[in-house]
Protein chains: 2
Amino acid sequence: MPSPDTEPRAGRGAPPGPGREERAHRILNAAAELILRWGYDKTTIDDIARAAGVAKGTIYLHWKSREALFAALLRRDRVAMLEQVRAGLAADPGGATPRSLFRHLALAVMTRPLMKASLLSDAEVLGKLIRNKPTVQTAAAMRSLSEVYLGALREHGAVRTDLSAVEQVNVITGTMYGFFMITPRMPEDHRLSGEHLAELLADTLHRALDAGRPLTPDQTAEATGAALAFLDEALRVARERLGLSLTTTDLGEDYRQ
Amino acid sequence: MPSPDTEPRAGRGAPPGPGREERAHRILNAAAELILRWGYDKTTIDDIARAAGVAKGTIYLHWKSREALFAALLRRDRVAMLEQVRAGLAADPGGATPRSLFRHLALAVMTRPLMKASLLSDAEVLGKLIRNKPTVQTAAAMRSLSEVYLGALREHGAVRTDLSAVEQVNVITGTMYGFFMITPRMPEDHRLSGEHLAELLADTLHRALDAGRPLTPDQTAEATGAALAFLDEALRVARERLGLSLTTTDLGEDYRQ
DNA sequence: CGATGACCAAATGAGCTTATCTGGTCATTC
DNA sequence: GAATGACCAGATAAGCTCATTTGGTCATCG
């Protein structure tokens with residue numbers, strides 16, 4: 001027979017510690033599936049509760065409102081994305097070059113429908129989350145990432161400096177946005193996989209930013225350091241925000257991702 | 001006093017020949033302004049007639065339906081855009097290099113709100129024109145342009161061939177889309193002018209496609225020929241379609257641009 | 001005979017009513 | 001005291017009516 005405490009039954013006390021978190025994730029998983037299938041506007045708390053196998057009230061033991069739940073969902077996706085980028089980057093044998101960062105970043109975004117929807121402000125998926133809320137912060141955060149990181153690269157001559165930082169931010173942002181949005185707009189026989197597009201995007205940005213001469217070992221080290229440092233910082237912030245979203249502790253009114 | 005036939009007065013017979021065309025353009029100008037201000041859905045024939053200073057019935061002497069009018073409007077914009085590109089390209093002292101083509105193309109699109117709206121499927125502007133009609137063809141046409149032109153470039157070694165044509169089409173399309181859509185998404189202090197963005201886009205695509213060694217005079221000539229040949233062909237088709245849209249002759253049911 | 005604008009059917013939209021749904025609560029249960 | 005789900009007020013949707021607007025026509029005018 002199953003051990004009595006691993007499977008919380010209806011009405012029975014469920015683990016207040018680690019099991020709680022697992023349940024939170026189960027709920028978020030259900031929410032993720034539903035929002036992608038039906039969109040934010042048509043995804044109800046009842047649906048989520050049913051799909052997650054909990055009662056509606058339970059959801060309100062985790063988040064104080066529907067909006068807070070979806071904020072948690074997006075924040076979780078962001079953390080997972082950054083973790084994926086961080087891991088891929090650290091494992092890259094060629095070092096954490098800009099090219100490698102762009103490739104992993106692109107791939108991580110492209111394989112995350114919620115992330116993509118949020119970056120592109122896809123009203124189909126995010127519905128009123130888009131229209132009501134001032135600005136989804138992810139884009140700003142990504143730009144800020146570009147900026148700090150770019151600054152370091154420029155300082156060490158790891159990218160060309162005949163373009164201004166602002167120009168380069170525009171190039172990076174523009175190119176990435178474009179690659180993120182083309183897939184559905186391409187005819188089937190021209191459609192490339194996420195990996196394929198990520199590689200192409202990395203190549204495009206590499207060439208757009210490249211200083212011309214190969215990086216010295218020093219520069220590679222600096223670039224690697226800058227990339228990892230900033231990803232760590234981004235992760236720290238993202239994890240902190242996610243942490244706020246996974247406790248019942250009052251969030252105030254700030255539900256932005 | 002003014003000559004009696006240059007200014008058609010209300011109720012008076014107006015020129016059936018050249019004046020007719022001028023009037024058509026006046027109507028289209030009014031329509032353009034209104035659709036950009038209010039969007040397709042909220043722009044009425046009455047509004048257009050009033051703004052153009054003609055009676056409603058007159059509009060139906062030019063087009064058999066509201067939809068046909070807007071088709072003409074978009075087609076006209078397309079022809080004007082291609083003409084601008086063609087002229088800019090031919091005048092470029094460096095020859096009609098791919099880089100020059102991309103720059104003029106980007107600039108022509110960016111300075112044409114309707115073109116941009118149509119390429120990006122901006123529902124805000126195009127309203128039901130988007131939702132109802134199968135596919136706005138402009139995007140497909142642009143891709144087809146890329147394709148034929150690219151083929152020629154590849155054949156003559158004017159671009160790298162370690163990427164497949166399909167990959168390059170994705171790079172070109174993706175990058176252009178991205179640059180077209182970033183302007184409103186950038187914070188004011190990062191916003192660049194259309195010219196500036198066009199230059200950056202051209203540079204990005206140039207680097208993304210460049211074969212590495214500078215073009216020989218022969219290759220430059222070939223590239224120039226290919227660019228102008230295709231633009232001419234695109235213009236021919238676009239003008240033909242526009243011609244159909246500017247005569248009362250029944251269009252059939254095909255109102256796609 | 002080109003241009004007009006009164007005219008009409010159809011579409012759209014505002015306003016209202018009614019019915020259903022949904023976010024959020026909380027007394028009850030185990 | 002954690003989890004539940006019946007419960008409620010407010011939101012949303014569906015259905016309907018009625019008034020206005022709109023695309024499109026055509027008798028009339030100059």
Side-chain angles (χ1 to χ4, degrees), chain A residues 4-5 7-24 26-27 31 34-35 38-71 127-129 131-132 247-248 250-251 253 255, chain B residues 4-5 7-24 26-27 31 34-35 38-71 127-129 131-132 247-248 250-251 253 255:
Chain A
D5 269 338
E7 289 196 354
R9 277 163 294 127
R12 221 24 202 78
R20 223 188 119 79
E21 198 171 333
E22 182 270 326
R23 188 177 59 184
R26 223 174 56 236
I27 294 171
L34 289 169
I35 195 183
W38 303 109
Y40 174 81
D41 292 345
K42 299 207 170 292
T43 299
T44 71
I45 296 282
D46 258 318
D47 293 339
I48 297 171
R50 201 173 318 123
V54 298
K56 189 157 63 158
T58 304
I59 288 182
Y60 287 89
L61 296 176
H62 286 270
W63 299 278
K64 71 177 261 248
S65 71
R66 180 174 116 109
E67 216 181 330
L69 186 159
F70 281 102
K128 291 183 178 166
L129 264 194
R131 279 182 256 284
N132 292 351
T247 55
T248 317
D250 198 313
L251 275 190
E253 311 85 52
Y255 296 131
Chain B
D5 268 336
E7 286 197 353
R9 278 163 294 132
R12 246 335 228 93
R20 223 189 120 78
E21 198 171 330
E22 183 271 324
R23 188 178 59 187
R26 223 173 56 237
I27 294 171
L34 289 169
I35 194 183
W38 302 110
Y40 174 81
D41 292 345
K42 301 210 167 289
T43 299
T44 73
I45 297 283
D46 259 317
D47 293 338
I48 297 171
R50 200 173 318 123
V54 298
K56 188 158 66 159
T58 305
I59 287 181
Y60 287 90
L61 296 175
H62 287 272
W63 300 278
K64 69 178 264 247
S65 70
R66 180 174 117 108
E67 216 180 332
L69 186 159
F70 282 101
K128 289 185 179 162
L129 264 193
R131 280 183 253 286
N132 293 350
T247 56
T248 318
D250 197 313
L251 275 190
E253 312 85 53
Y255 295 132

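These figures come from a predicted structure and were not determined experimentally. Here is the naming used below: chain letters follow the sequence lines, and residue numbers restart at 1 for every chain.
- Checking the phosphate oxygens (OP1, OP2) of D:dA2, no side-chain nitrogen or oxygen of A:Arg23 falls inside 4.0 Å.
- Qualifying side chain to side chain contact (heavy atoms under 4.5 Å, CB included) partners for A:Asp46, counting only residues two or more places apart in sequence or in other chains: A:Thr44, A:Arg50, A:Lys56.
- Here B:Glu67 contributes atom CD and B:Lys128 contributes atom NZ; the two are 12.0 Å apart, rounded to the nearest 0.5 Å.
- Taking atom CG of residue B:Leu61 and atom C1' of nucleotide D:dG23, one finds them 15 Å apart after rounding to whole Å.
- Here the nucleotide nearest the side chain of B:Lys128, chosen from C:dA3, C:dT12, D:dA3, is C:dT12.
- Atom CH2 in B:Trp63 sits roughly 15 Å away from atom C1' in C:dA3 (whole-Å rounding).
- Applying the side chain to side chain contact (heavy atoms under 4.5 Å, CB included) test to B:Ala52 and every residue at least two apart in sequence or in another chain returns B:Ile27, B:Ala30, B:Val54.
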Under 3.5 Å, which N/O atoms of the protein pair with N/O atoms of nucleotides 22-27 of chain C?
unit_1: C:dG23; atom_1: OP1; unit_2: A:Arg66; atom_2: NH1; d: 3.2
unit_1: C:dG23; atom_1: OP2; unit_2: A:Ile45; atom_2: N; d: 2.8
unit_1: C:dG23; atom_1: N7; unit_2: A:Lys56; atom_2: NZ; d: 3.0
unit_1: C:dG23; atom_1: O6; unit_2: A:Lys56; atom_2: NZ; d: 3.4
unit_1: C:dG24; atom_1: OP2; unit_2: A:Tyr60; atom_2: OH; d: 3.0
unit_1: C:dG24; atom_1: OP2; unit_2: A:Arg66; atom_2: N; d: 2.5
unit_1: C:dG24; atom_1: N7; unit_2: A:Lys56; atom_2: NZ; d: 3.4
unit_1: C:dG24; atom_1: O6; unit_2: A:Lys56; atom_2: NZ; d: 2.5

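- Straight-line distance from the OH atom of B:Tyr40 to the C1' atom of C:dA11: 13 Å, rounded to whole Å.
- Regarding contacts with the backbone of C:dT4, a side-chain N or O of B:Thr58 is found under 4.0 angstrom from either OP1 or OP2.
- Looking at B:Ile48 and B:Phe70, their side chains come closer than 4.5 Å, going by heavy atoms from C-beta outward.
- The distance between atom CZ of B:Arg50 and atom C1' of C:dT4, rounded to the nearest whole Å, is 15 Å.
- Rounding to the nearest 0.5 Å gives a distance of 8.0 Å between CG of A:Asp41 and CG of A:Leu129.
- To the nearest 0.5 Å, atoms OG1 (A:Thr58) and CH2 (A:Trp63) are separated by 10.5 Å.
- Remark: C1' of D:dT21 and CD1 of B:Ile48 are 15 Å apart, rounded to the nearest angstrom.
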